[in-house]
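In what follows, a structure is listed as C-alpha cells, so that the remarks can point back to it.
Proteins get letters first, then strands, A, B, ... in listed order; numbering begins at 1 in each.
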Amino acid sequence: MSAEPLLKVQDLSITFHAGDRATVAAQDVSFSIAAGEVLAVVGESGSGKSVSALALTRLLPPAPTCTVTGSVTLDGVNLLGLPEDKLAKIRGGSIAYIFQEPGSSLNPVYTIGFQVGEAISLHRPEVTDVKGEIIRALQEVHINEPERVANQYPHELSGGMQQRAMIAMALACNPRLLVADEPTTALDVTIQKEIMDLLARLRRERGMSILLITHNFGIVANFADHVQVMWKGRIVEHGTVSEIMKTQAHPYTRALIACIPRLGQRRRRLTTLTDELKVSP
Amino acid sequence: MSTPANLLEVRGLSVHYPGRAPWFWQTAAPKKAVDGISFVIPKGKTVGLVGESGSGKTTTGRAIVKLAPLTAGNIIYQGVDIGQMSNTAFHPWRKKIQMIFQDPYNSLNPRADILSILSEPLEIHFPQMSRNDRKDRCAELLRSVQLPAEHLNRHPHEFSGGQRQRIGIARALAVQPELIICDEPVSALDVSVQAEVVNLLQDLQEQLGLTYLFIAHDLAVVEHVSDQILVMSKGRIVEQGTPAEILGNPREAYTKTLLAAVPRF
C-alpha cells in the first residue's frame with residue numbers, strides 16, 4: 001500500500017436526533033482506502049454501512065437532526081470542514097455514488113443523455129463537446145447503440161441497463177473514489193456478474209478506488225482487496241479478503257458467513273444468529 | 001391422469017398477454033409470459049422454480065392461484081382441473097392454495113393491525129367462526145411463526161422486515177392451506193434473517209405437511225429447500241431435475257450460464 005491513502009476516515013460518529021431521543025448510527029468508524037483499492041463493507045440492515053458512506057460527503061440531513069463528528073480526509077483535505085459549495089464539487093466529482101435501485105435513483109422525467117450530460121457540464125465545465133462525451137461515457141459501460149439510449153427515458157430501460165447508465169453518469173466526471181452502495185442487489189445473477197466485471201475493468205483501467213457496500217460474501221471474495229465488517233454501528237473486523245474468508249476473529253463475522261447457503265453444500269438446516277448477535281428483532 | 005402422490009399437475013400452461021401493435025390496423029404478436037409449461041408438485045415436497053426476471057416464474061405462480069389469466073393449459077389439483085374454473089367455482093380451492101409474497105413491506109396493509117390482517121382470510125373462508133375463536137386462532141398463528149401473541153394489536157410499521165415476512169406466512173397459514181406458492185419469500189431479507197425464515201418454512205412444512213412451490217432467483221437458497229428444481233427461461237422450462245442433477249450436472253447452456261454467474265467463496 002502506498003504511503004498516503006486516498007481517503008482516510010477517522011473516528012467518524014453519526015448520531016440522529018428525534019425529540020429527546022438520540023440514535024447512534026455509527027460510532028468511531030475509522031478506515032482508509034488506497035488509490036486503486038477496493039474496500040468492501042459488509043453488514044446487515046441497520047449496521048451503519050450506508051450511513052457511513054453517505055457521511056463521507058455529508059449526504060445526510062443537516063444538524064441538529066443529524067450530527068457527524070470525526071474527520072474524512074480526501075487528498076489531505078478534511079471534507080467535513082468544507083463549506084457546502086466546495087463539498088458540492090466533490091460530490092459526483094472526486095467521489096461519485098451509485099445506489100442499489102437504479103430505477104429510483106434516476107430522474108424519471110429526463111432522458112438518460114440529459115442526466116449524464118448534466119453531471120458532465122456541472123463538474124467538467126471545460127468540456128465543449130458534451131454530446132460526444134455523453135456517447136463516450138455510455139460506450140464505456142458497454143451500452144450498445146449509445147445514441148439511441150441517450151434519447152431514452154429511464155423507464156424504457158431494463159434494470160441492468162439503468163444501472164449501467166448510473167455507472168456512466170458516476171464515471172463521466174472521472175471520480176477518484178466510487179462509492180457503490182449495493183450496486184447489484186436488485187439485479188439478476190447474470191446481470192450482477194456483468195456489472196461487477198464492468199466495475200472491475202474500470203477500476204483496473206482508471207486506477208479508481210471503490211468503496212463497495214454489500215451483504216453478498218460471494219461478491220466480496222471475488223472482487224474486493226480488503227473487507228470490513230460492521231455490526232451495530234461499529235467496525236468489528238477488518239482485514240484482507242483472503243484472511244477474513246479463512247479465519248474470522250469476531251463471532252458476528254463467523255455467524256454471518258455460516259448462515260449463508262452455499263451452492264453444492266447442502267445442509268439439513270441453515271445456521272442462524274444467536275440473540276446476542278442479532279441486529280434486528 | 002394425476003396420481004394421488006401429485007398434489008398439483010400443470011399441463012401445457014400458457015399465459016399470453018396482448019402485445020402492442022405499432023399501428024392500430026396491425027395485429028400485434030402476443031407477449032408470451034409463460035409458454036406451454038408442464039410440471040408436477042408431489043404432495044409434501046418442495047419444488048423450486050428458478051429463472052431470471054422476466055422468465056415467467058412469478059407469472060406461473062400467480063396463474064396457479066388465478067392471479068394471472070390462463071391462455072391455455074390445465075392446472076389439475078388433486079384430480080380436479082381448476083385452471084378453467086370461474087372465480088366463484090374456484091373459491092373453495094383458494095383456501096387450499098395460498099401465497100407468500102416477496103416484499104414484506106408492500107404486501108401488508110399499513111393501516112390494519114395484525115389482528116385484522118390475520119382475521120380477514122378467516123372471515124372469508126370460515127364465516128361460521130365466532131369472533132373469539134378467530135382471535136384465538138390469530139394468536140395461535142402468530143405463535144406458530146415464532147412471534148409473541150401480544151403483537152396482535154400492532155401495525156406493520158412496528159415490525160422489522162423479517163417479522164413482517166413471518167406475518168405474511170401466518171396470513172397464508174390462517175386458512176389451513178395444503179399448497180403454498182412462495183414467491184421470492186426471502187429475497188428482500190438480510191442473510192441472517194433469510195436463514196431464519198427458510199428454517200421456519202421448513203419446520204412448518206414438517207409440522208403441517210405443507211407442499212411448496214418455491215420461486216426464487218437465488219440458486220443456493222433453492223438448492224437448499226427443494227426436492228425438485230425447475231429452471232425457467234423466456235417462458236419455458238428449460239431443465240428440471242433434483243438439486244444434485246441440476247447443480248452437479250447441468251445439461252442446458254442456460255442453466256450453466258446461470259450457475260457460472262453465481263459468485264462462489
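Under 4.0 Å is where a charged nitrogen must lie from a carboxylate oxygen, and between B/E52 and B/K57 no such pair does. The existence of a salt bridge linking A/K193 and A/D197 is confirmed by a sub-4.0 Å separation between a basic side-chain nitrogen and an acidic carboxylate oxygen. Ion pairing between A/E194 and A/R164 holds under the 4.0 Å rule for side-chain N and carboxylate O. Residues B/R164 and B/D103 are not paired through a salt bridge, judged by the lack of any N-O separation under 4.0 Å between the basic side chain and the carboxylate. The pair A/R201-A/E140 does not count as a salt bridge, with every side-chain nitrogen at least 4.0 angstrom from each carboxylate oxygen. Salt bridge A/E37/A/R203: absent, no basic N to carboxylate O contact under 4.0 Å.
Heavy atoms closer than 4.5 Å to chain A are found nowhere in B/A188, neither backbone nor side chain. At a 4.5 Å heavy-atom cutoff, B/V222 makes no contact with chain A through either its backbone or its side chain. Using a 4.5 Å cut-off between heavy atoms, B/V191 touches chain A through backbone and side chain atoms alike. Both the backbone and the side chain of B/L219 come within contact range of chain A, each with at least one heavy atom under 4.5 Å from a heavy atom of that chain. At a 4.5 Å heavy-atom cutoff, the contact between B/S226 and chain A is made by backbone atoms alone. For A/E44, the parts lying near chain B are the backbone and the side chain together; criterion is any non-hydrogen pair under 4.5 Å. Proximity to chain B (any heavy atom under 4.5 Å) is shown, for A/I219, by both the backbone and the side chain. When heavy atoms are compared at a cutoff of 4.5 Å, A/T185 does not approach chain B at all. Using a 4.5 Å cut-off between heavy atoms, B/Q202 touches chain A through its side chain atoms alone.
Of the listed residues A/R269, A/R268, A/H215, A/R267, the one with more heavy-atom pairs under 4.5 angstrom with chain B than any other is A/R269. For the set B/V193, B/D203, B/V225, the entry with the most heavy-atom pairs within less than 4.5 Å of chain A is B/D203. Annotation: maximal heavy-atom pairing with chain A below 4.5 Å, among B/Q194, B/H217, B/Q163, B/E223, occurs at B/E223. Of the listed residues (A/G159, A/A221, A/S158, A/C259), the greatest number of heavy-atom pairs within a distance under 4.5 Å of chain B belongs to A/C259. For the set A/V189, A/T190, A/T272, the entry with the most heavy-atom pairs within less than 4.5 Å of chain B is A/T190.
Between the CH2 atom in A/W231 and the OG atom in A/S47 there is a gap of 11.5 Å [rounded to 0.5 Å].
Using a 30° and 60° split on the angle between ring planes, A/Y252 and A/H250 fall in the perpendicular class, above 60°. Using the six-membered ring where Trp is involved, B/F265 and A/F217 have ring planes that are tilted, between 30° and 60° apart.
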